[in-house]
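What follows is one structure encoded as structure tokens, with my remarks underneath.
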Amino acid sequence: MASVLEALEALEAEARSAFAAVRSAEDLEKVRIEYLGKKGKLKDAKAQVGQAAAEDRPKVGARAKELEAAVQGCFEEAQARLASGGPALSGVEALRDERLQKLKKYEAVHGAGSAWGARFANLSAIEELRKKFPPLAEGQQPDSNQTLGTGRIAARVMLRRDQSKKLIFLTVADQSGELQVALWNKKLPEATLDLLRESLDLWDLIGVEGELAYTQRGEPTLWATEIKLLTKCLAPPPEKHHGLTDKETRYRHRHLDLISNPDSRKAFITRAKLVSGVRRFLDDQGFLEMETPVLQTIPGGAAARPFKTHLNALGIDMFMRIATEIPLKKLLVGGLDKVYELGRIFRNEGVDYSHNPEFTTVELYQAYADLRDMMALVENLVSHLARELTGGTTVTFRGKPVKLGAPWPRLDYCELLEKHAGVKATDEAGLDRKIREAGENPEGLSMVDKIDSVFGTYAEPHLTDACFVINQPVEMSPLCKAHPEDAAKAHRFEAFAASMEIANAYSELNDPLEQRKRLAAQMRETWAKFMREVLDEPGASIGADLKIGIEGLVQRVEHSADWQPTGDSDANRLLRSIETQVKTWKRKDYFFERMQRLEDPSLLIDEDFLHALEHGMPPAGGMGIGIDRVCMLITGCDSIRDVILFPLMRPEKNA
RNA sequence: GAGGGGGUAGCUCAGGUGGUAGAGCAACGGAUUUUUAAUCCGUUGGUCGGGGGUUCGAGUCCCCCCCUCCUCACCA
């Protein structure tokens, strides 16, 4: 013990005199590394604590702590004495500083601002230049003296291999691919080569003009005769071989992902082609692309929860659209017979591998057509896109093959239910049993909800290859015509692939009287459902009076076909009572949001839409396709986040 | 909302039972005139997600919080 303690004392004395003797910033850095550095003497000393006898460790440990503080103090003292411009740079700052130095070095020769480049015209894509290299036969020795023409490219430096001070190989990449560039003193002025050797970093953007020739190893290479820095990269790039794998970083900083991961870049290029392919396909069939409002006062066309926003100029609340259906149908009324809209819609709901709050759909409507036209259209469209973008009609999703080739089988909704769940759609007790088997509670669910729940749990997982599910119960489809041969069924299909719904189509309901009935029924159902939820909310205590009032209202809503919330003073009184009680509930935000929707009846019955139908909407086929999901299938991406450039991410909190 | 995996150098990752954080790549210095994830020699670089606790000593043990991925739930 004595010896360890003595050693510590001696080290402190030694460090004090060493730091005291420092006369320059360089010396200080040396002494700092000697004592405080990673392999410095202080580390060695601290390591000895563990070697000391167990009973001595407390004393020795405490002394080592003092020593560390003392030496750190010596360093700071010396630093202050020299006034050497603040603490040493560390980590990413040091790397950035190195690059700044190189930037200055380059600009010292080429002038201020030269590191940020300018127009560099008459470029070839790397992909095009590579085509100028004749393919080499197996084992064939390339003629490295033969020039195969010239090339001019702009690209990012991905790899750098210095063979010597006279020859440097770079691997550079542009959007189309990678190519080797050689900087050689026999092709490039010595001064240029020297400057670049000392100032060129990975991920810098450069412009190169030169001769095309194989190397002796047969690598297609652009031998630079002129080279310019087009943009300096100041931030340190990710690891050159493994690239960027951390998903969070990839989503938050997509630009890094696109540079580092060619597969990711390829997926988004494919997505762009897919979107333009959809447009071309529809345009070629005479559809016109329309642009309808994103901001709406009544978010209709679906039952999803909307995002709410506020328009200052008019002092009104507005909503982001949850579908494009309603305005497009008004265009059918207006005499535009084949219309579509491809764009973003917004739903204030969950996030998982196949859901993002904002996503892209294409909705299309064709007058005087029906479901059958929509079927032909979507199966041709999707198999056409698959063939064009992947070369085939069978894709791989989550490790399993998925067939997208037309024609897709037509599967009856109720038959699927019976086949996979073993119950009939009319068998309420059976449905309840299946819901309980899945660990859910069927109480409070409407018949439609029950059927939907069982179908989702038992049938959807089996819908791997692209298929049409048809003949849904009509209650599930409020905007859809009844089936011409069976009024209980909807003239509707949902297209599934890989267990995801990728399209949904109707023979559109154009009877304004029937439409009003359906919307009213849906509205009453929503009211009743909300009231029942309030009654069932676990942990919520509501007074006996209120309970009776709510139960009464539910009865009234469910049994009177023409019930309207407007003017029902009982309903408003109940809402106010609920409002005061809900304030302390755990899920109060959820309930307040639902209450707000219920307070404005126009949110549930879109009178303007019904009025439009009364002017005559032609019978029509209509369809919505989930572009993101189709894109997942065609690019083979397992998550919707891999096909959305900037998926939703919780903001990072800085501590 | 529930369960599980993860957060360590700029990047990719190691770190039995607490002993004072390592490697590869990148960076810096040097060698190298046809390499290709170039190679060889040397060097620097870390509030180990954040906060608190136990301890002489915490990446490691305990508590709280944050972010993320996966599965499930929710979701026309």
Side-chain angles (χ1 to χ4, degrees), chain A residues 29 33 37-39 42-52 54 56-65 68 88-99 101 142 144 158-171 178 180 182 184-186 201-203 213-219 221 223 235-249 251-252 256 260 301-305 322-323 347-355 438-440 448 452 456 472 476-480 492 494 501 504 586-587 590 624 638-639 641 649-655:
Chain A
E29 181 63 6
I33 289 165
K38 172 152 279 181
K39 289 165 186 165
L42 194 67
K43 279 280 159 70
D44 294 343
K46 284 162 86 180
Q48 287 177 27
V49 175
Q51 312 301 316
D56 297 335
R57 281 180 200 162
K59 255 188 191 173
V60 179
R63 184 71 192 95
K65 218 173 182 179
E68 183 173 19
L89 296 178
S90 66
V92 68
E93 281 177 358
L95 294 172
R96 187 168 176 277
D97 190 62
E98 290 286 354
R99 286 171 176 250
Q101 298 306 322
S144 56
M158 302 308 290
L159 299 171
R160 175 176 163 170
R161 297 175 290 280
D162 289 29
Q163 297 310 305
S164 71
K165 288 203 157 61
K166 309 297 181 192
L167 175 64
I168 300 171
F169 288 112
L170 306 174
T171 300
E178 292 193 338
Q180 174 161 280
W184 194 22
N185 68 338
K186 290 183 182 162
D201 279 309
L202 296 185
W203 281 36
Y214 278 112
T215 61
Q216 289 170 11
R217 296 287 182 91
E219 180 71 22
T221 300
W223 299 83
E239 211 264 355
K240 67 184 183 187
H241 181 55
H242 298 92
L244 195 63
T245 60
D246 180 58
K247 285 192 180 180
E248 182 177 357
T249 313
Y251 298 149
R252 286 190 196 276
L256 298 178
S260 297
R305 292 204 270 162
I322 55 175
R347 296 188 178 182
N348 205 339
E349 285 167 1
V351 178
D352 65 25
Y353 80 92
S354 65
H355 297 261
E440 301 294 315
V448 167
D452 196 32
Q472 284 82 352
M476 300 178 67
S477 318
L479 299 168
C480 180
R492 171 189 187 186
E494 290 170 285
E501 186 187 341
N504 186 14
K586 202 177 163 194
R587 293 200 301 158
Y590 169 73
D638 289 347
S639 166
R641 290 190 176 134
M649 286 272 132
R650 195 184 298 272
E652 285 174 297
K653 282 186 186 167
N654 26 357

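Being a predicted model, the structure only gives us computed values, none of them experimental. Every chain is numbered from 1, with letters handed out A, B, ... down the list of sequences.
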Identity of whatever pairs with [N] - Watson-Crick or G-U, under 3.5 angstrom:
N: B/rG45; result: none
N: B/rA38; result: none
N: B/rA26; result: none
N: B/rU54; result: none
N: B/rG1; result: B/rC72

Given the [atom1] atoms of [N] and [M], what is the spacing between them in whole Å?
N: B/rA21; M: B/rG57; atom1: P; value: 16 Å
N: B/rU20; M: B/rG59; atom1: P; value: 11 Å
N: B/rG51; M: B/rC56; atom1: C1'; value: 23 Å
N: B/rA26; M: B/rG46; atom1: C1'; value: 16 Å
N: B/rA2; M: B/rU8; atom1: P; value: 25 Å
N: B/rU60; M: B/rA14; atom1: C1'; value: 14 Å
N: B/rG30; M: B/rC66; atom1: C1'; value: 46 Å
N: B/rG22; M: B/rU43; atom1: P; value: 14 Å

Closest listed nucleotide, where the reference is the side chain of [X] and the choices are [options]:
X: A/P238; options: B/rG10, B/rC11, B/rU68; value: B/rC11
X: A/Y251; options: B/rC28, B/rA76, B/rC69; value: B/rC69
X: A/H241; options: B/rC67, B/rA37, B/rC69; value: B/rA37
X: A/Y353; options: B/rC75, B/rU35, B/rU71; value: B/rU71
X: A/E239; options: B/rA27, B/rG24, B/rC67; value: B/rG24
X: A/Q216; options: B/rU35, B/rG24, B/rU34; value: B/rU34
X: A/I33; options: B/rU44, B/rG10, B/rA76; value: B/rU44
X: A/D201; options: B/rU68, B/rU32, B/rA27; value: B/rA27
X: A/A302; options: B/rA76, B/rG10, B/rU34; value: B/rA76

Can you find a side chain N or O atom of [X] that sits less than 4.0 Å from OP1 or OP2 on [N]?
X: A/R305; N: B/rC74; answer: no
X: A/K165; N: B/rA31; answer: yes
X: A/K240; N: B/rA38; answer: yes
X: A/R96; N: B/rG10; answer: no
X: A/R161; N: B/rU35; answer: no
X: A/T245; N: B/rU12; answer: yes

Classify the nucleic acid contact of [X] as base, sugar-phosphate or nothing, counting any heavy atom under 4.0 Å across all strands shown.
X: A/W223; answer: base
X: A/I168; answer: nothing
X: A/G243; answer: sugar-phosphate
X: A/E494; answer: nothing
X: A/M649; answer: sugar-phosphate
X: A/E219; answer: base
X: A/R492; answer: nothing
X: A/Q180; answer: base

(request) Working to the nearest 0.5 Å, report the span between CG of A/L479 and CG of A/N504. (result) 10.0 Å
(message) How long is the straight-line distance from CD1 of A/I168 back to CZ of A/R160, given to the nearest 0.5 Å?
(response) 4.5 Å
Could you tell me whether the side chain of [Y] reaches within less than 4.5 Å of the side chain of [X], counting heavy atoms only?
X: A/M476; Y: A/R492; answer: yes
X: A/E349; Y: A/H355; answer: no
X: A/H241; Y: A/L159; answer: no
X: A/V351; Y: A/R641; answer: yes

(message) Expressed as a whole number of angstroms, how long is the span from A/W203:CH2 to B/rA27:C1'?
(response) 16 Å
(message) Could you tell me how far apart A/L167 (CG) and B/rU39 (C1') are, to the nearest whole angstrom?
(response) 14 Å
Any donor-acceptor pair under 3.5 Å between the side chain of [X] and the base of [N]?
X: A/W184; N: B/rU33; answer: yes
X: A/H355; N: B/rC75; answer: yes
X: A/D352; N: B/rC75; answer: no

(message) Can you work out whether A/L244 or A/Q163 has the more 5'-proximal nearest nucleotide on RNA chain B?
(response) A/L244
(request) With RNA chain B as reference, determine whether A/N185 or A/L159 sits nearer its 5' end, using the nearest nucleotide of each. (result) A/N185
(request) Determine whether more than 12 heavy atoms belonging to other residues, nucleotides or ligands lie under 6.0 Å from atom CZ of A/R161. (result) yes
